[in-house]
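The next block holds one structure in the form of structure tokens; read it before the comments.
Basis for what follows: all heavy atoms, side chains included, without hydrogens, waters or symmetry-related copies.
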Amino acid sequence: MFNSFLLTLYHVFLPISLPVIGGILLKRFKNWDTRPLSTFSLYILSPALIFDTLLHADITWTDVTGTFWFSIINLIALWALAELLSRVFHLGASEKAGLTLVSTFTNCVNYGLPLVLLAFGQLGLDKASVYVIGQMIIVNTVGIFFAARSEFTVKNAILSVFRMPSIYAAAIAIILRASNLSLPVALDGGISMLAAGYSPVVLAILGAQMLRPRGSVEPWKPNVRKAFWTGLAVRLAAAPVLSYLILTALQIEGTLFSVLLILASMPTAVNAVILAEQFNASPQFVSRCILWTTAASMIILPIMIVMSS
């Protein structure tokens, strides 16, 4: 067990740590502005990865339906848990919204996809692609609802989904697969080259983002501190346990089981603090949860990978 843990650290987390450390160093010593590269990643690299993976993915209809039901049930279970804990600890509306974001949304794209690729290979990435597309849709619809229920409109939610280029990339890939069509070799190779650049770029961006917790100089209010520790407990302990129970109940097995368990147990999504800042959902504690859950994941996730394998 311990040897497997060390091997996972060496083969999976050491490669991941290098671009992350590079991003941290650039932010620390060069005050790196990640916004241009984040835009490039969102509009070019991410669609290329989704398109390339879905076009060539080794997935079945059973994988798709299993992933769909797991995503929905897991989302409802975590939302209900956040609601319950908010009432138990008498959190305010802002902290309650922030806790819901922390509990339900994981960094399955920027951090999860490179991790799955290294831990489970191309087959794992294939299985992850369906889950990731679903999470992109959920974050831009349900995520907005969680962050600002009073300002939520169905029209804005739908428009936010159609602003994501990865959705179009996924749709085109699905159409090509259903039609048994293929791209010219040169074009397919170019898209694959862009897809290969996704992992190091987004991991470097993640490193830079870890170095700048927002609102850290402000004194903490009692409710914010309670929300922070509750969010850590949910994301690091309750979420993996719930995911395991749901996957077992759905009788999902094999590589898909391992991939979904790891993706659902990832640290809090960076997008959560963006929504929290936009809708005043206690961004102070959300940003700290992102930092600390990401740091803790370097220990927790290797153990989970060894156990799930």
Side-chain angles (χ1 to χ4, degrees), residues 69-108 111-112 131 134-135 138-152 213-216 218-250 260-297 299-301 303-304:
W69 285 115
F70 169 74
S71 299
I72 297 300
I73 296 171
N74 192 53
L75 175 68
I76 294 172
L78 289 171
W79 168 73
L81 180 60
E83 287 281 330
L84 174 63
L85 293 175
S86 296
R87 295 185 181 185
V88 169
F89 293 110
H90 306 290
L91 300 182
S94 178
E95 289 77 25
K96 178 181 177 181
L99 178 61
T100 306
L101 292 174
V102 167
S103 302
T104 53
F105 300 123
T106 68
N107 198 353
C108 63
Y111 185 2
Y131 180 83
Q135 289 302 300
I138 289 172
V139 167
N140 285 274
T141 52
V142 182
I144 296 174
F145 171 70
F146 284 158
R149 299 179 190 185
S150 61
E151 303 176 36
F152 178 85
R214 295 174 173 86
S216 58
E218 298 177 9
W220 277 25
K221 299 177 182 178
N223 268 357
V224 174
R225 188 178 297 276
K226 284 194 296 185
F228 170 74
W229 288 110
T230 305
L232 285 188
V234 171
R235 184 93 312 271
L236 297 178
V241 172
L242 276 174
S243 300
Y244 179 87
L245 294 175
I246 294 168
L247 288 167
T248 302
L250 292 173
L260 292 179
L261 178 63
I262 296 302
L263 290 177
S265 305
M266 297 298 296
T268 304
V270 175
N271 287 348
V273 78
I274 297 173
L275 290 173
E277 288 178 336
Q278 185 174 356
F279 298 109
N280 193 30
S282 196
Q284 182 189 29
F285 105 80
V286 172
S287 63
R288 291 198 183 186
C289 279
I290 292 171
L291 174 62
W292 287 104
T293 56
T294 302
S297 71
I299 301 298
I300 294 173
L301 289 178
I303 297 174
M304 293 186 62

Run through Asn107, Leu291, Thr293 and flag the one making a side-chain contact (heavy atoms from CB on, under 4.5 Å) with Thr268. Thr293
Does a side-chain heavy-atom distance below 4.5 Å link Ser297 with Met266? no
What distance do Arg235 atom CZ and Thr230 atom OG1 have between them, rounded to the nearest 0.5 Å? 14.0 Å
Ser86 (side chain) donor-acceptor with Glu95 (main chain) under 3.5 angstrom: no
How about Ser103 and Trp79: do any of their side-chain heavy atoms sit closer than 4.5 Å? no
Quick one: does Leu78's side chain get under 4.5 Å of Leu242's, heavy atoms only? yes
Shortest non-hydrogen contact from Tyr131 to Ser71? CD1-OG, 3.4 Å
Quick check for you: to the nearest 0.5 Å, what is the distance between Trp69 atom CH2 and Leu247 atom CG? 15.0 Å
So how far is it from Leu250 CG to Leu245 CG, rounded to the nearest 0.5 Å? 11.0 Å
Please report the closest heavy-atom contact between Phe285 and Ala227, naming both atoms and the distance. CE1-O, 3.4 Å
Gap between atom CH2 of Trp229 and atom CG of Leu99 - 0.5 Å precision: 14.5 Å
Roughly how far apart are Ile300 CD1 and Ser265 OG, rounded to 0.5 Å? 9.0 Å
To the nearest 0.5 angstrom, please state how far the CD1 atom of Ile246 sits from the CD1 atom of Ile72. 11.0 Å
